[in-house]
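In what follows, a single structure is set out as structure tokens and then discussed.
Below, each value reflects all heavy atoms present in this structure, side chains not excepted, and no hydrogens, waters or symmetry copies.
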Amino acid sequence: GIRVTYYCVDSTNTCTPTTVYFGHFVVSTEGTNYVRYYSTDNVNNIEATKSTSAFKIDLRNPYSQGILLDGGATYNTTGSVNADMNTGQDDVSGLWYCEISWDNGGTWANTGLATSAGPHAYADGVQTAQYKCYDMAGWETQPPAQDDIIVDTTPPVSDITSLVAMEDVIKGNTLIEGTSFDATSGV
């Protein structure tokens, strides 16, 4: 029978097993890990050292994700908005997929690892889109990246009135008065 089993954990698959195995143990070091081990039997025969395959532990969220609506524009005059996305990165397990929310986090749509999305139809007003990615370990971007754009498809309304009195026409003077209004982007 087996007298004792020794093990070690490292990131390079080169450690010498010296810890006695008594049962399950936890590996919690982020990154690539290996467990190396061997056993000795009751008559002191020593097994050759073996190793598990590499396994990764990922404890962090993906980062550096970004989104720009219409290339970072402040205004959109068509109501049809496109998004450019930066998937960012994940150093340990790698990126799995990303999602975009055209309604400020209300609903999310899987974009895979695409770097653009749209066009999306927006109503007039300030609109916010969000973007987040998931890594292979299931961690997600926190907080999601976001960008705002002001959609203004309605032209301004202007009115000019001439307040001409008969004597002003004779003297060559004319008073012009006007008003302008734009509910979304201002005048």
Side-chain angles (χ1 to χ4, degrees), residues 1-73 80-122 126-149:
I2 302 255
R3 183 173 57 85
V4 65
T5 299
Y6 296 97
Y7 75 95
C8 62
V9 179
D10 73 354
S11 63
T12 59
N13 202 21
T14 58
C15 65
T16 301
T18 57
T19 303
V20 176
Y21 175 76
F22 289 108
H24 71 273
F25 58 94
V26 174
V27 178
S28 59
T29 303
E30 184 170 57
T32 300
N33 290 276
Y34 298 87
V35 176
R36 294 172 48 87
Y37 58 94
Y38 73 90
S39 296
T40 302
D41 67 14
N42 290 325
V43 292
N44 289 326
N45 290 316
I46 300 172
E47 173 185 31
T49 300
K50 296 178 182 176
S51 178
T52 64
S53 298
F55 60 94
K56 293 181 179 182
I57 296 176
D58 186 347
L59 303 173
R60 289 183 275 163
N61 300 340
Y63 61 94
S64 296
Q65 284 67 40
I67 185 170
L68 288 177
L69 297 178
D70 282 355
S80 182
V81 176
N82 290 295
D84 295 315
M85 295 98 64
N86 176 353
T87 57
Q89 60 190 62
D90 182 83
D91 296 331
V92 179
S93 63
L95 293 173
W96 185 15
Y97 68 95
C98 301
E99 293 180 331
I100 189 169
S101 171
W102 293 101
D103 58 357
N104 197 20
T107 57
W108 294 90
N110 186 327
T111 61
L113 295 175
T115 57
S116 63
H120 180 78
Y122 272 132
V126 177
Q127 304 295 342
T128 302
Q130 294 186 357
Y131 180 68
K132 63 183 176 181
C133 294
Y134 292 85
D135 66 17
M136 295 293 196
W139 296 103
E140 70 180 78
T141 308
Q142 288 295 330
Q146 71 176 40
D147 193 25
D148 301 321
I149 194 162

Report, one line per pair, each donor and acceptor closer than 3.5 Å where one atom sits in a side chain of residues 132-139; sequence neighbours left out.
| unit_1 | atom_1 | unit_2 | atom_2 | d |
| --- | --- | --- | --- | --- |
| K132 | NZ | Y134 | OH | 3.3 |
| K132 | NZ | E140 | OE2 | 3.3 |
| Y134 | OH | E140 | OE1 | 3.4 |
| D135 | OD1 | A137 | N | 3.0 |
| D135 | OD1 | G138 | N | 3.0 |
| D135 | OD1 | W139 | N | 2.9 |
| W139 | NE1 | D58 | O | 2.8 |

ask   = Quick check: does any side chain N or O of R36 sit under 3.5 Å from a backbone N or O of N13, one acting as donor and the other as acceptor?
value =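 Yes.
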query = Any donor-acceptor pair under 3.5 Å linking the side chain of T32 with the backbone of K56?
reply = no
message = Just verifying a value: how many Å separate S28 OG and N33 CG, rounded to the nearest 0.5 Å?
response =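 If I round to the nearest 0.5 Å, the distance is 8.5 Å.
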note = Distance col, row Y6:OH vs I46:CD1, nearest 0.5 angstrom, shows 9.0 Å
If every non-hydrogen atom of [X] is compared with every non-hydrogen atom of [Y], which pair is closest and at what distance?
{"X": "N82", "Y": "G118", "value": "OD1-C, 3.4 Å"}
{"X": "A145", "Y": "G66", "value": "CB-CA, 3.7 Å"}
{"X": "T87", "Y": "C98", "value": "CG2-SG, 4.1 Å"}
{"X": "N110", "Y": "Y97", "value": "ND2-CD1, 3.4 Å"}
{"X": "L95", "Y": "G88", "value": "CD1-O, 3.8 Å"}

inquiry  = Please enumerate all residues that pass side-chain hydrogen bond (donor to acceptor under 3.5 Å, both in side chains) together with N44, with sequence neighbours excluded.
reply    = R3
key: Q127: side-chain hydrogen bond (donor to acceptor under 3.5 Å, both in side chains) partners, not counting sequence neighbours   = none
Among residues at least two apart in sequence or on other chains, which ones pass ring pair (Phe, Tyr, Trp, His ring centres under 6.0 Å) with [X]?
{"X": "W96", "answer": "none"}
{"X": "Y122", "answer": "H120"}
{"X": "Y37", "answer": "none"}
{"X": "F55", "answer": "none"}

key: Which residues share a salt bridge (charged side-chain N to carboxylate O under 4.0 Å, His left out) with K50, sequence neighbours left out   =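 Counting only residues at least two positions away or on another chain, K50 forms a salt bridge (charged side-chain N to carboxylate O under 4.0 Å, His left out) with E47.
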ask   = salt bridge (charged side-chain N to carboxylate O under 4.0 Å, His left out) with R60: which residues, sequence neighbours excluded?
value =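 In terms of salt bridge (charged side-chain N to carboxylate O under 4.0 Å, His left out), with neighbours along the sequence ignored, R60 is linked to E30.
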Is there a side-chain contact between [X] and [Y] (heavy atoms, below 4.5 Å)?
{"X": "T49", "Y": "P17", "answer": "yes"}
{"X": "I100", "Y": "I67", "answer": "yes"}
{"X": "Y131", "Y": "T111", "answer": "yes"}

request  = Could you please spell out the steps behind the side chain to side chain contact (heavy atoms under 4.5 Å, CB included) verdict for F25 and V35?
outcome  = CA-CA 11 Å; F25 58 94; V35 176; 3.9 Å; yes
inquiry  = Does anything in residues 62-71 form a side-chain hydrogen bond (donor to acceptor under 3.5 Å, both in side chains)? List the pairs, not counting sequence neighbours.
reply    =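 Qualifying pairs, neighbours excluded: Y63-Q89, Y63-D91, Q65-T141, D70-N76.
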task = Check each of D147, D148, D103 against T128 using the side chain to side chain donor-acceptor pair (under 3.5 Å) test, and report the only one that passes.
result =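 One option only clears the test, and that one is D148.
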key: Within residues 19-67 or reaching into it, pairs that qualify as disulfide bond (SG atoms under 2.5 Å apart) - sequence neighbours excluded   =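 Sorted pair list comes back empty.
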task = Quick one: which residue pairs count as a disulfide bond (SG atoms under 2.5 Å apart) with a foot in residues 7-66, not counting sequence neighbours?
result = C8-C15
task = Take V27 and Y34 through the test side chain to side chain contact (heavy atoms under 4.5 Å, CB included) and record every step on the way to the result.
result = CA-CA 9 Å; V27 178; Y34 298 87; over 6 Å; no
